[in-house]
Asker: 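Quick one: structure below, then a few questions.
As a basis for the values below, the full set of heavy atoms in this structure was taken, side chains included, without hydrogen atoms, waters or symmetry mates. So you know, we letter chains A, B, ... as the sequences are listed, proteins then strands, and number each from 1.
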Amino acid sequence: MKPLVLYNTRTRSKEIFEPIEAGHARVYTCGPTVYAPQHIGNLRSQLLADLLKRALLAQDYRVTHVINITDVGHLTDDADAGEDKMERAAAERGKTAAEIAAQYTEQWLRDRERMGCLAPEVLCKATEHIAEQIALVEALERNGFSYRIDDGIYFDTSKFSRYAEFARLDLEAQLAEGRIGDVPGKRNPADFALWKFAAPDVRRQQEWDSPWGRGFPGWHIECSAMSRRYLGDQFDIHTGGVDHIGVHHTNEIAQSECADGVHPWVRFWLHNEFLNFRGEKMAKSTGNLYVLDDLSDRGIAPLAFRYFSLQAHYRQQQTFTDEAIESAATGYDRLVNHAAELREADGERRADKLEPLRERFWDAVWDDLNAPRALAVTWEAVRSEGLNPAERWALLSEFDAFLGLDLQNATPRSQTTESDPRIDGLLAEREAARARRDFAESDRIRDLLVEEGISIEDTPDGPRWRRG
RNA sequence: GGCGGCGUGGCCAAGUGGUAAGGCAGGGGCCUGCAAAGCCCUGAUCCCCGGUUCGAAUCCGGGCGCCGCCUCCA
């Protein structure tokens, strides 16, 4: 098998993937912050993680995939005055922070599954790993990378010489523009909180005891702490959105490399680009978004959204428009139809006929998870004149291990799975009319059913109908 | 101010040195009593200018336009 090549943000180049431990790929994905519903733009990062995992599995690696749930509130900005989003959402909705977190975690897990994303081996919540986070801060303290101010325990970025390396930051130049709402006492503008002290006059729902007093963890420490617990001091791949490169991932690296004295902490970093909508990124903060249920309400299946997403490479921004998603839904519908028709085909499967398409498909996958190219080969397989139905199905079912479009369970949209005596009766009448070439009558019956939203297809095996 | 990305047929979008994948929509045809479904055929020289090269959408330089990060953010 050819090697898997991935674009590594750390080196800004494509590299052949090789795990630290032979045969075992350890992957960490930055999951959602569950103070609000996750929209379809957010889901794109799960798609990247899923395609990666499927490619690794296709390469016969054992995969340990860890995803975190951030169920403790981060602040709306860096300053004391910053509100905690989780607490704010709870107050607005008259619920507890835990209830808010549970609600959106559940929605996210459901959406993920509906979109065909494989479940992670470990799903870990920040609030259930406070001890690990405290332990990591203690390690940083021991190693001399932290300092205490009124507001909390902070990481001293000037002590970590590689701090600017990963994101290729120009800290001086950034300084010129200034940071918003900075905290008094910070030694360097880029320094960030490891542990925040609870304000004496405010009672928070989410705060814990620590060696430094009551408070709550900083907003990067959880990923360092939980990945360390489940994947060890060093691991293979870390995924997330491009927005995380400059701050979140930069700070994770600083924490982990300084706490454990390792480098590189993570070998490969994969980042997905954003989904654009109405001329800007889809975002919670502006309300410029759709959630998966919005699409479902419009008759667009979650897997049609997956199909839509597969049409663009994960490292490119993708434009979401109504026309584009509806086009994708149509395309997905047709692909499923083909799969359903081919699924039970018997016949010879000639390896020499299958090989060229198989090779092109997997070459696309191994080339930095190029789903659009893989999808194009899939369509070629569907329509390849040189292949019999059994061969086409052999390819489709194999390819779906990566595509994740659930083609194995494809049901033709025009093959009813229910039976309705009245409709079946009308269809029989129509067939009788057709037999005696009374087309006025047969068309009248069809129009009648069409008005009820039932469409009819005449096939060599007789008529089929479906609703909708 | 720093960093990153993009501009390919009506729409979405691959391709990053050898004369433009795929899907959707449109047009034409086949099939059908008619439809539907399906199948076949059909359209772009790649934002602009200059350069390198035998040859560039693809490399370099300069423009114009657009998106993102630098503050929570996929």
Asker: Using a 4.0 Å heavy-atom cut-off across all strands, classify Lys281(A) as base, sugar-phosphate, or nothing.
Answerer: base

Asker: So does Asn276(A) reach the base of G68(B) with its side chain, donor to acceptor, closer than 3.5 Å?
Answerer: no

Asker: Any donor and acceptor pair, going by atom type alone, linking the side chain of Asp191(A) with main-chain N or O of Thr157(A) inside 3.5 Å?
Answerer: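 Present.
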
Asker: Using a cut-off of 4.0 Å on non-hydrogen atoms, how would the nucleic acid contact of Gly246(A) be classed: base, sugar-phosphate, or nothing?
Answerer: nothing

Asker: I want to verify a distance call: between A14(B), A74(B), C40(B), whose nearest atom is closest to the Pro372(A) side chain?
Answerer: A14(B)

Asker: Could you work out which one of A74(B), A35(B), C12(B) sits closest to the side chain of Leu275(A)?
Answerer: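 Given the options A74(B), A35(B), C12(B), the side chain of Leu275(A) is closest to A74(B).
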
Asker: Find every protein N or O atom lying less than 3.5 Å from an N or O atom of nucleotides 15-19 of chain B, and list the pairs.
Answerer:
from	atom 1	to	atom 2	distance (Å)
G15(B)	OP1	Asn370(A)	ND2	2.9

Asker: Would you classify Ile456(A) as touching base, sugar-phosphate or nothing, given that sugar-phosphate means primed atoms plus P, OP1 and OP2, and contacts are heavy atoms under 4.0 Å?
Answerer: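 Counting heavy atoms under 4.0 Å across all strands, the contact made by Ile456(A) includes a base.
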
Asker: Using a heavy-atom cut-off of under 4.0 Å over every strand shown, decide if Tyr307(A) touches base, sugar-phosphate, or nothing.
Answerer: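 Contact class for Tyr307(A): sugar-phosphate only.
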
Asker: Taking Asp367(A) for its side chain and Asn370(A) for its backbone only, find out whether a donor-acceptor pair lies under 3.5 Å.
Answerer: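 Checked: no pair found.
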
Asker: Check every strand shown and say whether Arg446(A) touches a base, only sugar-phosphate, or nothing at a heavy-atom separation below 4.0 Å.
Answerer: base

Asker: Using a heavy-atom cut-off of under 4.0 Å over every strand shown, decide if Glu380(A) touches base, sugar-phosphate, or nothing.
Answerer: sugar-phosphate

Asker: Give Ser285(A) one of three labels, base, sugar-phosphate or nothing, depending on what nucleic acid heavy atoms sit under 4.0 Å from its own.
Answerer: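 If one applies the 4.0 Å heavy-atom cut-off, Ser285(A) turns out to touch nothing in the nucleic acid.
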
Asker: Hey, is the side chain of Gln311(A) pairing donor to acceptor with the base of C12(B) inside 3.5 Å?
Answerer: no

Asker: So what does Ala283(A) hit on the nucleic acid, given a heavy-atom distance under 4.0 Å: a base, only sugar-phosphate, or nothing?
Answerer: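 Here Ala283(A) touches no strand at all.
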
Asker: Closer than 4.0 Å, any side-chain N/O of Arg334(A) to the OP1 or OP2 of A37(B)?
Answerer: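 False: Arg334(A) side-chain N/O out of range (4.0 Å or more) of A37(B) OP1/OP2.
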
Asker: Return the orientation label for the His249(A) and Trp269(A) ring planes: parallel under 30°, perpendicular over 60°, tilted otherwise.
Answerer: tilted

